[in-house]
> 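Here it is, the structure in full.
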Amino acid sequence: MNSRIWRSAHCAARSILSAYSKHSSRAFSGGRAAGAASVVSLRGVASSLALHGSGESANASRTWISGILALPAAAYMIQEKDAHAAEMERTFIAIKPDGVQRGLVSEVISRFERKGFKLVAIKIMVPSKGFAQKHYHDLKDRPFFSGLCDFLSSGPVVAMVWEGEGVIRYGRKLIGATDPQKSEPGTIRGDLAVVVGRNIIHGSDGPETAKDEIGLWFKPDELVRYTSNAEKWIYGDN
């Protein structure tokens, strides 16, 4: 009887550890379901041990089972933490010369802050035309390329890196359409700009673009890693 019980316990334990080890490639709900099923199995084993075991052997068995039962909770916590970390991303945002000259820097920053995104790098600079050409390299074959580079290098630019879950995609929503006339009210361009040539702000349009633009405008040691006190209220911690 005891040998069968221990085999059952061994299989249940392996199920828990398997669910735990695969947490990085499996949806959290799936890992939770596997872990929960394993816990039910182990509880049945624990009951059998209580009924059929005796003395020190039974006590040792129950101690071992209690330790295994604690694994799923820890696994869930690690799963949730890793899933949260995996969703965090960074994007490049620049307030163009028109936005700086119009005194809209604090307005733009406040919109990203109020959303819950975290500022991890910021600088003000006047980029050269050569630098602007590197920034807009993907548009070099467009007829407006030269004028675009002239404008970006015409005055101070506030360059920033923002961090948060979905910050690239939602950052673009906060900014609005390239043409302010087509931007929804409530967006930065929809509220504050009128024409395409003076649309205040630039934002990365995807993960690869964000990586390239952050690397162009910032050195690695200019990017700050820190935990904001507001994060537990934005994302939750359980």
> Mind running side chain to side chain contact (heavy atoms under 4.5 Å, CB included) on Y170 and T91 for me, showing each step along the way?
CA-CA 10 Å; Y170 200 86; T91 192; over 6 Å; no
> Using a 4.5 Å cut-off on heavy atoms from C-beta on, say whether the side chain of H202 contacts that of E213.
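SC-SC contact between E213 and H202 confirmed.
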> What is the distance from atom CZ of F144 to atom CZ of F151, rounded to the nearest 0.5 Å?
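Spacing of CZ (F144) from CZ (F151) equals 14.0 Å.
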> Is the shortest side-chain heavy-atom distance between S128 and Q133 below 4.5 Å?
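Side chain of S128 against side chain of Q133, heavy atoms only: no contact under 4.5 Å found.
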> Return the set of residues passing salt bridge (Lys or Arg N to Asp or Glu O under 4.0 Å) with D191 (not counting sequence neighbours), or none when no residue passes.
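Partners of D191 under the salt bridge (Lys or Arg N to Asp or Glu O under 4.0 Å) test: R111.
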> Mind checking side-chain contact (heavy atoms from CB on, under 4.5 Å) for P207 and listing every partner two or more places apart, or none if nothing turns up?
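Here the qualifying residues are I168.
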> Rounded to the nearest 0.5 Å, how far apart are CZ of R114 and CD1 of I109?
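The distance works out to 12.0 Å.
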> Using a distance-only test with no angle check, is there a side-chain donor-acceptor pair under 3.5 angstrom linking S146 and K129?
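Yes, because at least one side-chain N or O of S146 sits under 3.5 Å from a partner of the opposite role on K129.
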> Do V100 and V105 come close enough that some side-chain heavy atom pair is under 4.5 Å?
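Heavy-atom side-chain distance check passes, below 4.5 Å.
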> Answer with yes or no whether the hydrophobic clustering places V195 together with L139; edges join I, L, V, M, F, W, Y residues whose side-chain heavy atoms lie under 4.5 Å apart.
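V195 does not cluster with L139.
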> With hydrophobic residues grouped by side-chain heavy-atom distances under 4.5 Å, do V120 and I234 end up in a single group?
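In one cluster with V120: I234, no.
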> Side-chain heavy atoms nearer than 4.5 Å, only ILVMFWY residues, links allowed to pass through others: does that put I124 and I201 together?
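In one cluster with I124: I201, yes.
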> Does the side chain to side chain contact (heavy atoms under 4.5 Å, CB included) test come out yes or no for M160 and I95, once each step is laid out?
CA-CA 8 Å; M160 299 173 286; I95 304 174; 3.8 Å; yes
> List for me each residue that meets salt bridge (Lys or Arg N to Asp or Glu O under 4.0 Å) alongside K118, sequence neighbours excluded, and say none if there are none.
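Listed in chain order: E163, E231.
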> Could you measure the distance from the CG atom of D98 to the CG atom of L152? Nearest 0.5 Å is fine.
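Here the rounded value is 10.0 Å.
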> Can you name the closest pair of heavy atoms from P180 and T178 and give their distance?
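What the structure gives for the nearest pair is CD-O, 3.2 Å.
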> Given the rule that I, L, V, M, F, W and Y join up when any side-chain heavy atoms are under 4.5 Å apart, are L119 and I93 in one cluster?
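Same hydrophobic cluster.
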> Would you say V108 and M125 are hydrophobically clustered, going by side-chain heavy atoms of ILVMFWY under 4.5 Å?
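No, V108 and M125 fall in different hydrophobic clusters.
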> Show the numbers, then the answer: is there a side chain to side chain contact (heavy atoms under 4.5 Å, CB included) between R189 and I175?
CA-CA 6 Å; R189 288 171 176 161; I175 290 170; 3.4 Å; yes
> With sequence neighbours left out, write down each residue that passes ring pair (Phe, Tyr, Trp, His ring centres under 6.0 Å) with F117, or none if nothing qualifies.
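Scan of F117 (ring pair (Phe, Tyr, Trp, His ring centres under 6.0 Å), adjacent residues dropped) gives none.
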> Can you sort out the partners of E184 under salt bridge (Lys or Arg N to Asp or Glu O under 4.0 Å), two or more places apart, ordered by chain and number?
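Expected list: none.
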> Please list, chain by chain and in numerical order, all residues satisfying side-chain contact (heavy atoms from CB on, under 4.5 Å) with A159, sequence neighbours excluded.
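Result, side-chain contact (heavy atoms from CB on, under 4.5 Å) vs A159: F92, K123, W217, F218.
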> Taking all atoms of both residues into account, what is the closest heavy-atom pair of G155 and P127, and its distance?
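The pair with the smallest heavy-atom distance is O-CD, 3.9 Å.
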> Which heavy-atom pair separates D138 from H135 by the least distance, and what is that distance?
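Minimum heavy-atom contact is OD1-O, 4.1 Å.
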> Identify the two heavy atoms, one from C149 and one from A132, that lie closest to each other, and give their separation to 0.1 Å.
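Closest heavy-atom pair between C149 and A132: O-CB, 3.7 Å.
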> Do the non-hydrogen side-chain atoms of N199 and K96 ever get within less than 4.5 Å of each other?
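A side-chain contact exists here, since the closest heavy-atom pair is under 4.5 Å.
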> Identify which one of R90, E89, E113 satisfies the side chain to side chain contact (heavy atoms under 4.5 Å, CB included) criterion when paired with W162.
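Only one option passes, and that is E113.
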> About how many Å separate CG of D205 and CZ of R169, when rounded to the nearest 0.5 Å?
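That separation rounds to 14.0 Å.
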> Kindly compute the distance separating CZ (R102) from CD1 (I200), expressed to the nearest 0.5 Å.
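Between atom CZ of R102 and atom CD1 of I200 there are 4.5 Å.
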